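Single-structure report; data block below.
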Amino acid sequence: MSADAGGRINAIEVDHAGQSFGGRVIFQDVTFSVAEGEVFVVLGGSGCGKSTLLKQMIGLLTPTSGRISVGGHDVVSEVRAVRREIGVMFQSGALFGSMTLLENVMLPLRMFTDLPARARAEIARIKLALVGLGEAVNLLPSEISGGMAKRAAIARALALDPPILILDEPSAGLDPITGAGLDRLILDLRAALGCTFVVVTHELMSIFAIADRCVMLDRTARGMIALGTPRDLQQSSDHPTVRAFFNRDAESMDVQKELR
Ligand SMILES: Nc1ncnc2c1ncn2[C@@H]1O[C@H](COP(=O)(O)OP(=O)(O)OP(=O)(O)O)[C@@H](O)[C@H]1O
């Protein structure tokens, strides 16, 4: 594992990663690193390859070119070790409808550990309490709100204590207040557990609230067009797509500043 310029250890290193499907290039030469404890946001329009990049990071897709390592482990040759490093909440990360929240969070513990049922339940209770659902452990997914479901899915991603959490559009489909609550949860979990986060989001307010840095992918460029802090990208990028994205709603940032 190498360190960044500030001496922090890199949790994830993406080195000239590319992905093609049947000869169609989705992106190439994507290069960045994510430091331990960083909240790193992946941005870009529909179809630019955000989910594809996340799938490469967790070893679900082999990069067509380049190399990715997670926790110092290569995502292709050391996929088992990589999976232990990462908890994932997919965009479609639905809970199992016939199971209570507690049973949903216990599931990864049942699949990947030898812990007895009582210990699994105790750990699942702790994870649900961490995301603010300590009173809802016996509810079914059909009995809770969309925001609670996202929190429960995050609790499930935390079940095996991964140092890195990957969240694909956590606030999709939520109202702005519930979305802001999830942003606070991400920052609280980082403070409490020291986790590294990779988050896909399109929400400008959310980006400014949580992101230490972000990378922006672009379908036309078939690669990355920006890397840096949200403020740097808003103020200094000379790429028209980046400028348009970050300046589309300057007012929302003013609101965000007032809320801080
Ligand atoms: N397994 C696959 N086989 C062929 N094409 C694929 C495969 N997976 C993704 N693609 C294509 O790759 C492109 C990028 O898809 P991806 O889902 O990564 O985009 P995205 O940036 O996450 O989009 P969105 O914001 O809409 O979720 C799309 O054109 C998609 O159709």
Side-chain angles (χ1 to χ4, degrees), residues 12-34 39-70 75-76 79 82-83 86-95 146 149-150 153-154 157 164-176 178-179 182-183 186 196-211 213-228 230 233 237 239-246 248-249 252:
I12 301 173
E13 293 179 349
V14 179
D15 181 15
H16 295 92
Q19 186 71 50
S20 304
F21 292 113
R24 181 169 149 244
V25 176
I26 305 301
F27 56 75
Q28 54 195 358
D29 278 334
V30 171
T31 297
F32 60 83
S33 54
V34 181
V39 178
F40 189 86
V41 166
V42 180
L43 297 170
S46 188
C48 67
K50 302 179 296 297
S51 299
T52 299
L53 179 63
L54 299 190
K55 284 180 189 156
Q56 290 182 338
M57 285 180 186
I58 55 181
L60 281 179
L61 264 179
T62 300
T64 329
S65 55
R67 200 176 164 271
I68 299 179
S69 65
V70 173
V75 294
V76 179
V79 68
V82 165
R83 297 263 169 86
I86 295 181
V88 187
M89 187 180 85
F90 288 110
Q91 216 171 323
S92 58
L95 302 165
K150 296 289 173 100
I154 291 174
I164 301 169
L165 278 176
I166 291 186
L167 311 179
D168 196 356
E169 298 202 35
S171 42
L174 299 179
D175 65 81
T178 308
L182 272 189
D183 290 341
I186 290 170
T196 305
F197 282 88
V198 177
V199 182
V200 171
T201 181
H202 301 283
E203 306 295 331
L204 210 50
M205 292 240 303
S206 182
I207 294 161
F208 275 88
I210 64 171
R213 288 184 310 136
C214 33
V215 67
M216 190 166 198
L217 305 182
D218 183 69
R219 202 159 71 161
T220 310
R222 295 188 182 142
M224 53 192 274
I225 53 172
L227 176 67
L233 299 195
S237 175
H239 195 290
T241 307
V242 182
R243 291 191 71 81
F245 178 83
F246 276 94
R248 68 188 155 150
D249 189 358
S252 72

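Predicted model, so just to flag it, every value in this text is computed and none were measured. Both ligands and their constituent atoms are indexed starting at 1 by order of listing.
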Are any of the N/O atoms in [X] less than 3.5 Å from those in ligand 1?
X	value
F21	no
I26	no
G44	no

Side-chain donor/acceptor of S237 to backbone N/O of R243, under 3.5 Å: no
Answer yes or no: is there a side-chain heavy-atom contact under 4.5 Å between [X] and [Y]?
X	Y	result
P170	F197	no
L182	I154	yes
M89	L165	no

CA sep, side-chain torsions, deciding dist, call: T196, F40, side chain to side chain contact (heavy atoms under 4.5 Å, CB included): CA-CA 8 Å; T196 305; F40 189 86; over 6 Å; no
CD1 on I210 to CG on L167, rounded to 0.5 Å: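 Atom-to-atom, L167:CG and I210:CD1 are 8.0 Å apart.
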4.0 Å heavy-atom contact, R219 with ligand 1: no
Give the residue and atom name of whichever protein heavy atom lies nearest to [atom], and the separation in Å to one decimal.
atom	answer
atom 23 (O) of ligand 1	G47 N, 2.9 Å
atom 18 (O) of ligand 1	T52 OG1, 2.6 Å
atom 21 (O) of ligand 1	K50 NZ, 2.8 Å
atom 27 (O) of ligand 1	Q91 OE1, 3.8 Å
atom 26 (O) of ligand 1	S46 OG, 2.7 Å
atom 28 (C) of ligand 1	R24 NH2, 4.0 Å

Residue selection (non-hydrogen contact nearest atom 17 (O) of ligand 1) among S51, A172, S20: S51
Atoms in ligand 1 flagged as close to G45, the criterion being non-hydrogen separation under 4.0 Å: 21 (O)
Residues which pass salt bridge (Lys or Arg N to Asp or Glu O under 4.0 Å) with R67, listed by chain and number, not counting sequence neighbours: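 Residues passing salt bridge (Lys or Arg N to Asp or Glu O under 4.0 Å) with R67: D74.
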For a quick test of your reading: what N or O donor-acceptor pairs under 3.5 Å do the side chains of residues 45-63 make, sequence neighbours left out?
{"residue": "K50", "atom": "NZ", "partner": "G44", "partner atom": "O", "Å": "2.9"}
{"residue": "K50", "atom": "NZ", "partner": "G45", "partner atom": "O", "Å": "3.0"}
{"residue": "S51", "atom": "OG", "partner": "D168", "partner atom": "OD2", "Å": "3.1"}
{"residue": "Q56", "atom": "NE2", "partner": "G18", "partner atom": "O", "Å": "3.2"}
{"residue": "Q56", "atom": "NE2", "partner": "Q19", "partner atom": "OE1", "Å": "2.8"}

Protein contact for atom 2 (C) of ligand 1 (heavy atom, distance under 4.0 Å): yes
CA sep, side-chain torsions, deciding dist, call: D15, E13, side chain to side chain contact (heavy atoms under 4.5 Å, CB included): CA-CA 6 Å; D15 181 15; E13 293 179 349; 5.8 Å; no
